[in-house]
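What you see is a predicted model, and the numbers here were worked out from it, not measured in a lab.
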Amino acid sequence: MGKKDKSKGNTVVNALEEAGYISDDMLKKIQQDNKEAGQRIDEVLVDEGFVSEDDVLNALANQMGMEVIDLSEIEVDTEALKQVPPKVAKQFRVFPVNYEDGTLTIAISDPLNVQVVDDVKRILSVPVETVVAPEKDIELMLRRYYEKNEIKSIISKEVETETDKVREEERDRKIKRMEIAGEEGEEESTEPVVRYIDQLLQKAYHDRASDVHIEPQKHGLLVRFRVDGVCHTVPAPPKSLQKMVISRLKVMSGMDPAEKRIPQDGRIKLTIDGRDLDLRVSSLPAIYGESVVMRILDQSSVLLGLGDVGFLPDSIRTFEQLISTPNGVILMTGPTGSGKTTTLYSALSTINTPEKKIITVEHPVEYQLEGINQMQVNHEIGLGFAAGLKAMLRQSPDVIMVGEIRDLETAESAVEAALTGHLVFSTLHTNDAPSAPARLVDMGIKPFLVASGLQAVIAQRLVRRICNACREEYEPKEEELAEFGKSRKELGDRKLVRGTGCDKCSGTGYRGRTAIHEILVMKPVIRQMIVRNESASRIKKKAVQMGMRTLRMDGWEKIILGMTSTQEVLKITQND
């Protein structure tokens, strides 16, 4: 094995020298420095940063007379996919690129591994040509194109056995056993339902889904992924597996599988591709069975910077000034699923230092932050937001985050905390930022207390990002620009951008999401208007005159930057 490794190392070094990536002097120095360590020279070159893995791949491919391709740029050949079964593709880590005139072209990551090519030829019994692609790109394509087929395969195999009465009776017994025994019902891990759920969750993660919806219908199950805020249907198991699928998920998330009359909540912790995921699971009784929704929380996403959340440079400066103030209430507003909590977590991460004591009360705790004390609401024992907030104040905090202000008691406690020297973050459900002060007054807070305690209100919405792989410029129509109060003359020679739809974005023209914001800062004139109990529309008009960008105006800035489209912004903003 050692000889083989050494031989490969020498081949890589020769290829790098031949391609001009390294010089004789560099090689001699590395060999001298590495004499005692015994590590392969090509590995040292990569580890020390003299060459990259892509350089190695290009050099080897060039020496072997093979082409290096970018898999993200190719149009996948469905005939080629049919030629290579999932088991073969995954075992040998190859991806079929093209099938033409009876010859199959596959992508491999190691040009020196001729054994892989020979094995694939032997198993498939077709002539095979090879191209080279990075290993990580091949891995990504295998997930994207083969996981869905595996789910279909699991489902179709189970459907084929539906006519077998004995298997039907055995399945019914297992359903009952799982419902009664809880975790003991998981005795056969090879059951199709277990494999189906495992594949479903992996595919949801790889497809960047934020939610998985499993909804019983009259004649079957409806399974959908929410990707970039839009639901997409995926293959579903037959109706006869409904009870087993839902029971399995309830057991995994710590719910009571025998209780079907009331809604339940639970959690599932998973690790996929080395990433720690938290699934927040909710079950809801419906007329055709229990509906289950799983919210996928990626622990790494909370570490986003303010720019990654979607703030423009000037908004970042404003927000950083706001969160560095010693006291006051900073509210995030917007509907459920608009990213309010993620933005607040990013703010807390920004100011989280050993000098500051930060405590949160949430329902539930979605992400766990190092160095921050997080408390979860428990209504069954009387621990709500208001009670949690009062308890937190006895812990001498500098910064407080309250998951949501939804009643007078919580609102009063938050304002009082701000007036006694604490910085308070929270969320509120309003249509825009200027409506927040009026909402607090409606709750029962006196206008002068709202004006004194409130520091700023940030409204947020999520819009889909235009896919980088299929973006194109176009000339917008006058009526399209008129929605933003703009004209072709104002736009000049500048063009807008849209996505045409490609394989990378599943034909939608969008990939990923960003946020648009409306930041209302409590300047003296705005505070006076709140004390006078003036309307939200008048406050908004005055704030815009003083430089506030509305949600639609902020959306227009992101349209001009080519980040999103006019349709996305118009869909979620009101006319200013």
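Atoms CD1 and CG, from Ile268 and Leu277 in turn, are 11.0 Å apart once rounded to the nearest 0.5 Å. Going from atom CG of Leu440 over to atom OG of Ser435 covers 11.0 Å, rounded to the nearest 0.5 Å. We find the CD1-CG distance between Ile458 and Leu520 to be 9.0 Å, quoted to the nearest 0.5 Å. Leu570 CG to Ile559 CD1: the interatomic distance, rounded to the nearest 0.5 Å, is 6.5 Å.
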Practice prompt. Test Ser487 against Glu478 for side chain to side chain contact (heavy atoms under 4.5 Å, CB included), laying out the working first.
Written response: CA-CA 6 Å; Ser487 65; Glu478 283 287 358; 4.1 Å; yes

Discussion item. Set out, in order, the CA-CA distance, both residues' side-chain angles and the distance that settles salt bridge (charged side-chain N to carboxylate O under 4.0 Å, His left out) for Glu404 and Arg406, then state yes or no.
Written reply: CA-CA 6 Å; Glu404 184 182 349; Arg406 59 174 70 171; 2.9 Å; yes

Worksheet item: So Val230 and Thr508, side chain to side chain contact (heavy atoms under 4.5 Å, CB included) or not? Walk me through it.
Response: CA-CA 10 Å; Val230 179; Thr508 63; over 6 Å; no

Fill in: CA sep, side-chain torsions, deciding dist, call: Arg461, Glu518, salt bridge (charged side-chain N to carboxylate O under 4.0 Å, His left out)
CA-CA 9 Å; Arg461 299 289 188 281; Glu518 180 176 273; over 6 Å; no

Worksheet item: So Arg295 and Val281, side chain to side chain contact (heavy atoms under 4.5 Å, CB included) or not? Walk me through it.
Response: CA-CA 6 Å; Arg295 168 70 60 88; Val281 188; over 6 Å; no

Item to complete: Could you give me the CA-CA distance, side-chain angles and deciding distance for Lys203 and Phe225, then say whether side chain to side chain contact (heavy atoms under 4.5 Å, CB included) is met?
Response: CA-CA 10 Å; Lys203 179 164 177 55; Phe225 292 167; 3.8 Å; yes

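For the residue pair Gln460 and Ser338, no side-chain donor N or O sits within less than 3.5 Å of a side-chain acceptor on the partner. Inspection of the Glu362 and Gln374 side chains reveals an N or O donor paired with an N or O acceptor under 3.5 Å. Between the side chains of Ser565 and Tyr510, at least one donor N or O sits under 3.5 Å from an acceptor N or O. Residues Ser349 and Asn352 have side chains that never bring a donor and an acceptor to within less than 3.5 angstrom of each other.
Using a distance-only test at 3.5 Å, with no hydrogens or angles considered, no donor-acceptor pair links the side chain of Thr360 to the main chain of Met401. For Arg527 (side chain) and Leu454 (main-chain N/O), a donor-acceptor pair under 3.5 Å exists by modelled atom type. At distances below 3.5 Å, not a single donor-acceptor pair connects side-chain atoms of Arg471 with backbone N or O atoms of Thr500. Distance alone, capped at 3.5 Å, is enough to place a donor-acceptor pair between the Arg552 side chain and the Glu483 backbone. Between the side chain of Thr427 and the backbone N or O of Gly403 there is at least one donor-acceptor pair closer than 3.5 Å. For His363 (side chain) and Gln376 (main-chain N/O), no donor-acceptor pair under 3.5 Å exists by modelled atom type. Checked by atom type and distance alone, the side chain of His422 never pairs as donor or acceptor with a backbone atom of Ala418 at under 3.5 Å. A donor-acceptor pair is defined here as one N or O able to donate and one able to accept, closer than 3.5 Å; such a pair exists between the side chain of Ser346 and the backbone of Thr342. With hydrogens and angles ignored, the 3.5 Å screen pairs no side-chain donor or acceptor of Thr325 with any backbone N or O of Gln321. At distances below 3.5 Å, at least one donor-acceptor pair connects side-chain atoms of Ser324 with backbone N or O atoms of Glu320.
In summary, of the residues considered (Arg208, Arg465, Arg511), a salt bridge (Lys or Arg N to Asp or Glu O under 4.0 Å) with Asp228 occurs for Arg208 alone.
Closest non-hydrogen pair, Gly501 versus Cys470, comes out as N-SG, 3.2 Å. Between Ala433 and Ala459, the shortest heavy-atom contact is N-CB, 3.6 Å. Between Ile351 and Lys356, the shortest heavy-atom contact is O-CD, 3.6 Å. In terms of heavy atoms, Ile372 sits closest to Leu348 at CD1-CB, 4.1 Å. Across all their heavy atoms, Pro476 and Leu491 have their closest contact at CG-CD2, 3.5 Å. Between Val521 and Ala456 the shortest heavy-atom distance is CA-CB, 4.3 Å.
Applying the side chain to side chain donor-acceptor pair (under 3.5 Å) definition to pairs two or more places apart or across chains, none involves residues 391-400. The list of salt bridge (charged side-chain N to carboxylate O under 4.0 Å, His left out) pairs with a residue in residues 415-441, not counting sequence neighbours, reads Asp432-Lys540. Within the structure, salt bridge (charged side-chain N to carboxylate O under 4.0 Å, His left out) contacts touching residues 528-538 (residues at least two apart or in different chains) are Arg532-Glu534, Glu534-Arg538. Residues in residues 554-574 take part in these salt bridge (charged side-chain N to carboxylate O under 4.0 Å, His left out) pairs, two or more places apart or across chains: Arg464-Glu568, Arg549-Asp554, Asp554-Lys558, Glu568-Lys571.
Classification of Glu409 and Lys390 as a salt-bridged pair holds, one side-chain N sitting under 4.0 Å from a carboxylate O. At a threshold of 4.0 Å, the pair Asp278-Arg267 counts as salt-bridged, since one of the basic side-chain nitrogens sits closer than that to a carboxylate oxygen.
Applying the ring-ring contact (aromatic ring centres under 6.0 Å, His included) criterion to His213, with sequence neighbours excluded, gives no partner residue. With sequence neighbours excluded, the residues forming a side chain to side chain contact (heavy atoms under 4.5 Å, CB included) with Glu259 are Asp256, Arg261, Ile262, Gln264, listed by chain and number. When the side chain to side chain contact (heavy atoms under 4.5 Å, CB included) test is applied to Leu222, the partners found at least two apart in sequence or on another chain are Glu215, Gln217, Arg224, Thr233. With sequence neighbours excluded, no residue forms a ring-ring contact (aromatic ring centres under 6.0 Å, His included) with Tyr205. Not counting sequence neighbours, the partners of Lys250 by the salt bridge (charged side-chain N to carboxylate O under 4.0 Å, His left out) test are Glu290. Legend: residues meeting side chain to side chain contact (heavy atoms under 4.5 Å, CB included) with Pro263, ordered by chain and number and at least two apart, are Leu284, Pro285. Applying the salt bridge (charged side-chain N to carboxylate O under 4.0 Å, His left out) rule to Lys542 yields no partners; only residues at least two apart in sequence or on another chain are considered. Take Glu370 and apply the side chain to side chain contact (heavy atoms under 4.5 Å, CB included) test, not counting sequence neighbours, and it matches no residue.
Residues Ile400 and Leu389 are in side-chain contact: their nearest non-hydrogen atoms beyond the backbone lie under 4.5 Å apart. Inter-residue side-chain proximity for Asn327 and Leu423 is flagged as unmet; no heavy-atom pair is nearer than 4.5 Å.
Crowding of Gln567 atom CD: a count of heavy atoms from other residues, nucleotides or ligands under 6.0 Å exceeding 12. Under a cut-off of 6.0 angstrom, the local environment of NZ in Lys357 is crowded, with over 12 non-hydrogen atoms contributed by other residues, nucleotides or ligands.
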